Amino acid sequence: NALESRAREAAAARLDAAAKSRPGPLPFAAWDFDEDLRDHVGKMHVTLVGGAKREAAGLMLDGKGAFARTKSLAKPIAEKTLEAWVRVADLKQRGGGVISLQTTNGITFDAIVYGEREARRWMAGSEGFKRSESFGATDETQGEGLVHVAITYAADGTITGYRNGMPYGVAYKKSLQKYAGETTELVFGLRHGTAAGGNRMFKGTIARARFYDRALTAAELEASAQSGGISIVSEEDLVAQLTPQQREHRATLNRQIQQSQQTLDRYKTSKLWTVTPIRAATVKVLNRGDVRNSGEVVSPRGLSSIQT
């Protein structure tokens, strides 16, 4: 509603200003593709492949042959976090990888994948879906602005998705895949493999990406998303922008909404019988002895009285 919209915009402006002064968690590798192709932390600089381009908006991927790859990792990796700020060029595309940690032969991988098993939804991609399950989250609707997407892989095998700094659906648990440093790389725009092809290619723009050699916490991912320009307005932030009168009015509206929802929920388990009125058929008296010998037309009538 208008009341919440104004408060949310005011809170977002205040939070954006504060977030710019707070850096996110320190990554193992960081790429700001809207600036260059360098790893701003280490030496995992990016090489463009198949017509991929770097422009002011970021790494431009055509969903056909364009992708990018890094140099090999400098250390073995077990728990980890993949993170990217992306623009999805085609919400109907299926199976493209945004950022993928893979063996250099392209066989074993863990990746942020768009729409492979479920249309318009993010998933943790892996070879043969060994570490892939549905997060049970909502469809992606952002086709123009930046979307922050991240997946964490904890030491106990828990895989958690995040979108715009908030948990994305429900986490699940699989075995943790470990990677040797010298035979492992990161690729962008390709789900996995050593060459482009199939439905493995992502169509869109990657503005920036981060890789961590640990599983970030929910608070760290919220801070990281905000440091990258994603506005996250909590309930407390929103309420802080309202006057006492506005808070009371909002509380009244929320109570009305809750009561209406409870009423609707009760009806879900109720049975309802109804009829559909139609024009009555023409009724004629049938003369006794021959059903084909119709008599005069009669109108419907009710009984004047009933005796028992």
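Along the sequence shown, the residues carry numbers beginning at 1. Computed from a predicted structure; not experimentally measured.
To the nearest 0.5 angstrom, L186 atom CG is 5.5 Å from F188 atom CZ. To the nearest 0.5 Å, the span separating CG on L146 from CD1 on I206 amounts to 11.0 Å. Here the CG atom belonging to L253 is positioned 9.5 Å from the CZ atom belonging to R250, to the nearest 0.5 angstrom. Rounding to the nearest 0.5 angstrom, the gap separating the NE2 atom in H192 from the CG atom in D110 is 12.0 Å. Interatomic distance, E220 CD to Y162 OH, rounded to the nearest 0.5 Å: 9.5 Å. Taken from OG1 in T160 to CD1 in I151, the straight-line distance is 9.5 Å, to the nearest 0.5 Å.
For the residue pair T184 / T103, no side-chain donor-acceptor distance below 3.5 Å is found, with atom types taken as modelled. Between the side chains of E118 and S134, at least one donor N or O sits under 3.5 Å from an acceptor N or O. With hydrogens and angles left out, the side-chain atoms of Q258 and N254 include no donor and acceptor closer than 3.5 Å. Under 3.5 Å, the side chains of E83 and Y212 contain a donor-acceptor pair of N or O atoms.
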Please walk me through it: do E140 and R87 pass salt bridge (Lys or Arg N to Asp or Glu O under 4.0 Å)?
CA-CA 11 Å; E140 183 57 69; R87 291 181 181 87; over 6 Å; no
Evaluation steps, salt bridge (Lys or Arg N to Asp or Glu O under 4.0 Å), between R54 and D36
CA-CA 7 Å; R54 193 210 69 79; D36 52 46; over 6 Å; no
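By the 6.0 Å contact criterion, NZ on K80 is enclosed, its count of non-hydrogen atoms from other residues, nucleotides or ligands being greater than 12. The neighbour count for E144 CD, taken as heavy atoms of other residues, nucleotides or ligands under 6.0 Å away, does not exceed 12. The environment of NZ in K71 is sparse: at most 12 heavy-atom neighbours from other residues, nucleotides or ligands sit within 6.0 Å.
With sequence neighbours excluded, the residues forming a side-chain contact (heavy atoms from CB on, under 4.5 Å) with D62 are K64, A66, listed by chain and number. For T104, the side-chain contact (heavy atoms from CB on, under 4.5 Å) partners at least two apart in sequence or on another chain are S72, T183, E185. Remark: E35 engages D32, H40 in a side-chain contact (heavy atoms from CB on, under 4.5 Å) (not counting sequence neighbours).
For W31 and F211, the gap between ring centers reaches or exceeds 6.0 Å. Between F67 and F202, the gap from one ring centroid to the other reaches at least 6.0 Å.
A salt bridge is absent between R94 and E116; no separation between the charged side-chain nitrogens and carboxylate oxygens falls under 4.0 Å. With respect to the salt-bridge test (charged N to carboxylate O, under 4.0 angstrom), the residues E133 and K174 qualify.
Cation-pi check for R117 over F129 is met; the charged atom lies under 6.0 angstrom from the ring centroid and within 45 degrees of its normal.
Remark: side-chain polar atoms of Q93 are paired, donor with acceptor, to backbone N or O of D90 under 3.5 angstrom.
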